[in-house]
Amino acid sequence: MAIKPQEVATEKHFLWHSYSVQQTLDTLVARKDGLSDIEATKRLRSYGSNSLPQARRRGPFMRFLLQFNNPLVYILLVAGVTMLFLGHSVDSGVILSVVIINAVIGFIQEGKAESALDAIRQLLAPTATVMREGLSRTVPVEEIVPGDIVHLTAGDKVPADIRLIHTHNLRIDEAILTGESAPVDKSAAKINGEVPISERSCMGFSGTLVSNGQATGVVVGTGADTEIGRISKLLTETTDLATPLIRQMSQFGRWLSLVIIIIASLVFCIGIWVRGYPFIDMLAAAIGLAIAGIPEGLPAVMTVTLAIGVQRMARQNAIVRKLPAVETLGSVTVICTDKTGTLTKNEMTVTKVITASHSVDVSGVGFKPHGNFKIQDRLLAVEDYPDMLELLQGGMLCNDASVQKVGDEWRISGDPTEGALITLGLKAGMKRENLEQNLPRTNVAPFESELRFMVTGHTTDQGRHIAYLKGAPEKVLEMCHMQRGLVGDEPLAKDYWKRQIEVNAAHGLRMLAIAKRTSSSGSFEHIDKSDDFVMLGLVGMIDPPRPEAIAAVSHCRSAGIQIKMITGDHAVTAIAIGRQMGFEGRALTGADLAHMDDAALSRAAHECDIFARTDPEHKLRIVKALQDRGEIVAMTGDGVNDAPALRRADIGIAMGLKGTEVAKDAAEIVLTDDNFASIASAVEKGRTIYDNIKKAILFTLPTNGGEAGMIIIAVLFGMTLPITAVQILWINMVTEVTLGLALAFEPAERDIMRRRPRDPRASLLSGVLIWRIALVSAVMILGGIGLYFWELNAGSSLATARTAAVNTLVIVHVFYLFNCRVISGSALNWAGLRGTRYVWISISALVILQLVFTHMPAMHHLFGSAPLDAGAWLRCILVGATLFLLVEADKLMQRSFKAGS
Ligand code: ATP
């Protein structure tokens, strides 16, 4: 029977902590082995999805209205209405239509950017482990229902409100609910009475983070029915499309608008009082100037550029969680990366088994359990070596992974290091189920990076307690006093084992030791301090480097980025793998770092590229040390304890596959494939996005400069306006929606990964770029006014002369687009001139629009345009081509100046 939502949502059920486990299960009609699929589906239908109510977004109508919330639009609206009162109904109609069309364009662009980013966020939808039909399963968090049995381990985000059933060293960080930053201890014992959330120690609350241990619990509330769901202020989280750069530019835009409005007012006053122009002419000029000078479309173009870039990054396995990271990516000077799984494939295969008396080679590849055991090329039967059998048995029992055949492929679930040990046992003909039947597991101390070992407890039929220990060899050796020999236990030969570790690690093998203890007690209290284990032996596994990561390391280096490998693995293994990947030099270990003061660490962090046997806290120290040297640091991480380092780094990068929710929460970027190569490509994309935003600015601002300059000159010299306000509106509209957007799709420039990282303090518009904007504005002014007079001198009408001026400005833009595609490199080559699909689509659209503008009678009426003859078109094209060559010459000069300096 399914309980109804209204039954649960009563006041008394907020006191789940005062229920015993059994009472809770009974009330929820739940069982410890989980719900059936049918029941889960039924409950999902009746309770709804386990998601917090969406932040109330602005509705489409509101978003559309907000498009009008901009100084230029106010000016245009005032202008349109004034024109109407003055009897210029056509101009007024055109202005108001353009305002509406612009709003529609802005609305669509913004909508696209938002939905692109939403889609990316969806990629990060979390999952949780629950029991269904008696089996442990991974399901999307949204599908969790009251009554589900959930497993939690360190690093998980609690997926719903949970009454805990079993706990093992469980500690949960409940800061988001209670504000208390230290994690709190949890246990399954019920708490009587009405106590604050922080004291409900038998509960896990949705959205809080498991910082330690493991637990099982039953879900008592989902979605809005959770504690976090009740805190409504947390739900109004909105998507912010702006990054610091875009905000900075919007602010610049607002200042510029103010300056332009002041200039326009001045020009208006001078025109009327000094020059004695008619009011209506000066109003047209002032409005024209305001429209010309204000870069109103720029923020939208920048946002779209950013959204498209971020979408492309997601396609290449890097999901940006926090948008400002995109800008920081281009400035990264150091990437600190994990080794296992990021630089290497994490496809572990045991190739060496070492006991006290033998060193055995194991053949086979990957997780396929096909292979044999050899001593110096002589095949051996493992059954004849009881010491080795015991070692392999320990590896299989002290293990949480499983290996299955799916189709033709052997797949693992769980930790690959442990998967390799299962495969090893299978190669020797062992079956985990049989072993577990004889020695059922009764206790476990799971693997933790800081401890570097794992222990499982088993009980024999006779009630004896056996513990299997596996972990980093140095640690295991510390916990042993004897070793298993051919004929029984013997004193531990530490030097022998150390030699074996060194020799094999030097071949790049990941070493693990396995030991056993038989005792009368099954307790694991202070197990890390024990020294009564018997060393069974070592296994060495290969973990081949990812070939694409080797290439990516070298790409990053040529992009001026240092790469540091920070691993929990043995120093000798790390050096050997590092060498295969192009890392030079020695390795510093966590123990070395522990003895260093800040100054020494700062030097070491700079000089050394390999850090081995490190704890997560060392990562934090390394990040700080590098940052103190002025470096911009990207740091990878996956475990719960990596979170502080991820947060501290300028860019925290979490692993999407093996990373915990805690790490993902702390990171700016999540890699969906855990691959170092994806970091390199994210850096490249980040640089490209920044470049493209810069290109959009470089492309847009001269439009404003050129048009405003033409009007100011006309007023100052007492000329008729060479372009009218509505014509300026037309130019801005068509160039922005066509050419400006084409730049958002620009691929990376060829040398992008050969440049030094960008100085984050350097301003976006360098002197060189400001000069370029001024140069292009000047050519536009000269070209526009020049061709305007050419037509007048040739006896053409004012309308024809103005149409020539408009087309000059537009065609100059077309040519200038090719200049802008490469900021400082030459565009005078095949790649530069060939453009992209988007460039040609937008040019084609623009050509059609200009032909319509120039030759369609209705447009003559609306915009005051007139047909042009072939000669006039040719002259416009000539001005455009001249500008193109001028800008290329300028680039050449800047390049040779830079090379000479
Ligand atoms: P990286 O930090 O590059 O991802 P890593 O995976 O080698 O490196 P850890 O997971 O912290 O780092 O492992 C450190 C050491 O602990 C390993 O070298 C190995 O000896 C041991 N170890 C790793 N996994 C297990 C495990 N599941 N059980 C027992 N010991 C393990």
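For ligands, and for the atoms within them, numbers begin at 1 and follow the listed sequence.
Side-chain atoms of Thr442 and Thr459 form a donor-acceptor pair, as typed in the model, at a separation below 3.5 Å. Using a 3.5 Å distance cut-off with no hydrogens or angles, the side chains of Thr153 and His151 do not pair a donor with an acceptor. In this model, a donor atom of one side chain and an acceptor atom of the other lie less than 3.5 Å apart for Ser678 and Asp673. Remark: the Thr672 side chain and the Asn317 side chain contain an N/O donor-acceptor pair separated by less than 3.5 Å. Ser602 and Arg629 are linked by a side-chain donor-acceptor pair at a separation below 3.5 angstrom, with hydrogens and angles left out of the test.
Nearest non-hydrogen protein atom to atom 14 (C) of ligand 1 is Gly568 O, 3.2 Å. The shortest contact between atom 28 (N) of ligand 1 and any protein heavy atom is with Lys470 NZ, 3.0 Å. The closest protein non-hydrogen atom to atom 22 (N) of ligand 1 is Phe447 CE1, 3.4 Å. If you check which protein heavy atom lies closest to atom 15 (C) of ligand 1, you get Arg613 NH1, 3.6 Å. Among all non-hydrogen protein atoms, the one lying nearest atom 3 (O) of ligand 1 is Lys339 N, 2.7 Å. Among protein heavy atoms, atom 1 (P) of ligand 1 sits closest to Thr567 OG1, 3.6 Å. Among protein heavy atoms, the minimum distance from atom 11 (O) of ligand 1 is reached at Ser449 OG, 3.3 Å. Counting protein heavy atoms only, atom 19 (C) of ligand 1 is closest to Leu512 CD1, 3.4 Å.
Under the rule for a salt bridge (Lys or Arg N to Asp or Glu O under 4.0 Å), Asp592 has no partner lying at least two apart in sequence or in another chain.
Residue Met565 places every heavy atom at 4.0 Å or more from ligand 1.
Residue Asp338 approaches ligand 1 through these ligand atoms, each under 4.0 Å from one of its heavy atoms: 3 (O), 4 (O). Ligand 1 places these atoms under 4.0 Å from at least one heavy atom of Glu418: 26 (C), 27 (N), 28 (N). Which parts of ligand 1 touch Ala472 is read off a 4.0 Å heavy-atom cut-off, strictly below it: atoms 20 (O), 21 (C).
Residues Glu668 and Arg321 have side chains not in contact (no heavy-atom distance under 4.5 Å, counting atoms from C-beta outward). Between Leu626 and Gln562, the closest side-chain pair of non-hydrogen atoms is not below 4.5 Å.
Counting heavy atoms under 4.0 Å from ligand 1, residue Lys658 touches it through the side chain alone.
Between Tyr385 and His358, the ring centre distance stays below 6.0 Å.
Of the listed options Met511, Arg510, Met541, Arg510 places a heavy atom closest to atom 7 (O) of ligand 1.
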